[in-house]
Structure formats: C-alpha cells, structure tokens
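Encoded as structure tokens, the structure appears first; notes follow it.
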Amino acid sequence: MFRKYGLLGILLIVFVEINFFLKIEPFAQWYFPLVWFGYILVIDALIYKLKHSSIISNRFSEFIGMIVVSAAFWWIFEFINGVVKNWDYQNISFYFTPELANLMATISFATVIPAVMETAELFRTIHLFDHATLKKKHNISKRFLHTMMELSVVALVLPFFLPAFTYPLVWLSFFLLLDPINYLHKQPSIIGHLKDRRLAIPLALLLASDVCGFLWEIWNYWAVVKWT
C-alpha cells in the first residue's frame, strides 16, 4: 500500500516544478522546503510499499531526530561559510523579514539528512548493494581512529586559511571526527564495515548523497531564491 502522505509529496513536487515557471509568490520563494519535504514523503511512502515499514510510518521519533540534527548541523556549516565564503544566496526578496528568513532557512536545513537517509534506505530496501564486499577484513586500531580525529581538525581548520583550495575539506571534517567516535562507542559507523567487509550501507549512503546532490543542484538551477 502506498501511504497517502506519499501522494501529498507527489503533489508538492509537481506544484514546485510548475511554479518554477509560474513563479507564484510567496511559494516561489519557499520552494526548497516544499519540494524536499515532498521528496521525503514520496521516498518514505515508496519504502513502506516495498517492505511495509518505513522511518515516518514506524520510527517517527527517529525522523524527528533527523530533522533536528539536520537543521543544527547545517547551521554549523552556515557559520563556517560565513568565513570560508563557499556559497552565497541570491534573490531573497521583501517576502523575507530577517526572522522569517531564519525560520525558512531552518526548515530547509531540516530536510538534508532525512532526504539522504530516506534515499539510502530505499537503496537498502531494493538490496542494491547487498553483494558488495571487501576482499579482506581490515583491523581498526586506536591509532587509526585517533589519526582520523586529528585529520578532522586539520580538515576543519585549513579552509579558514586557504578557502579557495581547501573548502571541500569542511564536509570531510565531520565524518573524520564523528565516525571514529561512533565506532569507539560501539554505534553504527562507516569504518566499522572495514571489519565486517560489508559495503551495502557505505555504498547506499554514497549513492544517496550523489542522487540528492544532483537534485539539489537541478532544483536550485530553476529556483528564484538560490545559492551560487
């Protein structure tokens, strides 16, 4: 059964696509949360149809947690970008008071992690990478973990001094810091799969990030309010 909220998601995406041309305000300014919550609802409904279980339908508190963490993390990236100047926003009009702009930004940022995680779960649901494994098992030493965390500091600091050349390291820094911490606390981690040799989750997350990245840029291209 395709959940009804999936139909709502389809309507939101179709409305936003049409409105890229009609530019009905204020919805043209608010396209990002509309299209991305629409996307999340569609993907979640599709997952539920395939396996009768999904994040929104069965683990709603987890979904809310993703929203909160996503918004918080992206505000950190926005703070860093205030110094690094990796991107800028264009065409924010009189529809946005400073308070409304911050609210809409927070709602928009809240979609990032749920979108990627829902997409990754879809790939796991269709068993896309189930047979992908490393050829051999790798042991993970504490020195390796500490080196990753040390490199995370380097990756975070360098963009402040050489932003034109090292700004992509900002995105890598949080992985280098948080994944070893997860591993040390016996929580799910990417590097943990160096030991069990299973690549299904890392590859699903990688592809999900690429798919969402492609859609972020495609929808951004047609948008009124956009980043460059």
Side-chain angles (χ1 to χ4, degrees), residues 20 28-37 39-40 65-120 144-184 189-191 202-228:
F20 281 143
Q29 299 275 322
W30 298 346
Y31 92 94
F32 193 96
L34 293 176
V35 77
W36 278 103
F37 273 114
Y39 174 86
I40 291 165
M66 287 182 188
I67 286 175
V68 173
V69 170
S70 183
F73 261 86
W74 207 271
W75 272 116
I76 294 173
F77 291 132
E78 289 291 331
F79 172 77
I80 295 172
N81 186 60
V83 178
V84 177
K85 306 296 184 185
N86 185 16
W87 66 88
D88 194 14
Y89 296 103
Q90 296 183 344
N91 305 325
I92 298 178
S93 75
F94 62 87
Y95 288 101
F96 287 90
T97 63
E99 295 78 15
L100 181 57
N102 288 334
L103 175 61
M104 293 304 295
T106 301
I107 295 172
S108 297
F109 300 160
T111 66
V112 175
I113 289 178
V116 173
M117 297 304 290
E118 288 276 13
T119 307
F144 174 75
L145 297 172
H146 292 158
T147 299
M148 284 185 68
M149 288 187 277
E150 290 163 4
L151 288 174
S152 75
V153 176
V154 175
L156 185 60
V157 170
L158 272 180
F160 287 90
F161 296 97
L162 297 168
F165 302 100
T166 63
Y167 68 84
L169 294 180
V170 168
W171 314 110
L172 185 61
S173 64
F174 283 84
F175 165 73
L176 291 173
L177 174 65
L178 297 178
D179 208 58
I181 291 174
N182 282 343
Y183 180 83
L184 286 169
S189 65
I190 298 299
I191 56 175
L203 291 177
L205 286 168
L206 180 63
L207 182 57
S209 299
D210 286 340
V211 168
C212 289
F214 177 78
L215 291 174
W216 280 319
E217 296 302 333
I218 286 291
W219 282 325
N220 181 67
Y221 179 83
W222 295 103
V224 174
V225 175
K226 64 175 62 183
W227 63 82
T228 55

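With hydrogens and angles disregarded, no donor-acceptor distance shorter than 3.5 Å links the side chain of Thr111 to the backbone of Phe37. Of the possible donor and acceptor atoms, one in the side chain of Asp179 sits under 3.5 Å from a partner among the backbone N and O of Ile190. Here the side chain of Thr119 pairs no donor or acceptor atom with the backbone of Ala208 at under 3.5 angstrom. Judged by distance alone, the side chain of Ser152 and the main-chain N or O of Met149 form a donor-acceptor pair under 3.5 Å.
In this structure, Trp36 and Cys212 have side chains that are in contact, with non-hydrogen atoms separated by less than 4.5 Å. Lys226 is not listed as a side-chain neighbour of Phe32, based on a closest heavy-atom distance of 4.5 Å or more. The side-chain heavy atoms of Tyr183 and Phe144, taken from C-beta on, include no pair separated by under 4.5 Å.
Using bins of under 30°, 30° to 60° and over 60° for the plane-to-plane angle, the ring pair Tyr39/Trp219 lands in the perpendicular bin. Relative orientation of the Trp87 and Tyr89 rings is perpendicular, given thresholds of 30° and 60° on the angle between their planes. Aromatic ring pairs are classed by plane angle as parallel below 30°, tilted from 30° to 60° and perpendicular above 60°; the pair Phe77 and Phe73 is tilted.
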Assess whether side chain to side chain contact (heavy atoms under 4.5 Å, CB included) is satisfied between Ile191 and Met148, documenting all intermediate values.
CA-CA 10 Å; Ile191 56 175; Met148 284 185 68; 3.9 Å; yes
Can Val224 and Gln90 be said to form a side chain to side chain contact (heavy atoms under 4.5 Å, CB included), step by step?
CA-CA 8 Å; Val224 174; Gln90 296 183 344; over 6 Å; no
Test Asn220 against Tyr31 for side chain to side chain contact (heavy atoms under 4.5 Å, CB included), laying out the working first.
CA-CA 9 Å; Asn220 181 67; Tyr31 92 94; 4.0 Å; yes
The test is side chain to side chain contact (heavy atoms under 4.5 Å, CB included); show your working for Gln29 and Leu100 and say whether it passes.
CA-CA 12 Å; Gln29 299 275 322; Leu100 181 57; over 6 Å; no
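Just one residue in the list Leu158, Ile76, Asn81, Ile80 forms a side chain to side chain contact (heavy atoms under 4.5 Å, CB included) with Val170, and that residue is Ile80.
Atom OG in Ser189 sits 11.5 Å away from atom CD1 in Ile181 (nearest 0.5 Å). Atom CG of Leu156 is separated from atom OG of Ser173 by 4.5 Å, given to the nearest 0.5 angstrom.
With no hydrogens or angles considered, a side-chain donor-acceptor pair links Thr106 and Trp75 at under 3.5 Å.
Under a cut-off of 6.0 angstrom, the local environment of CZ in Phe174 is crowded, with over 12 non-hydrogen atoms contributed by other residues, nucleotides or ligands. By the neighbour-count criterion of 12 heavy atoms within 6.0 Å, atom CH2 of Trp171 is densely surrounded, having more than that number from other residues, nucleotides or ligands.
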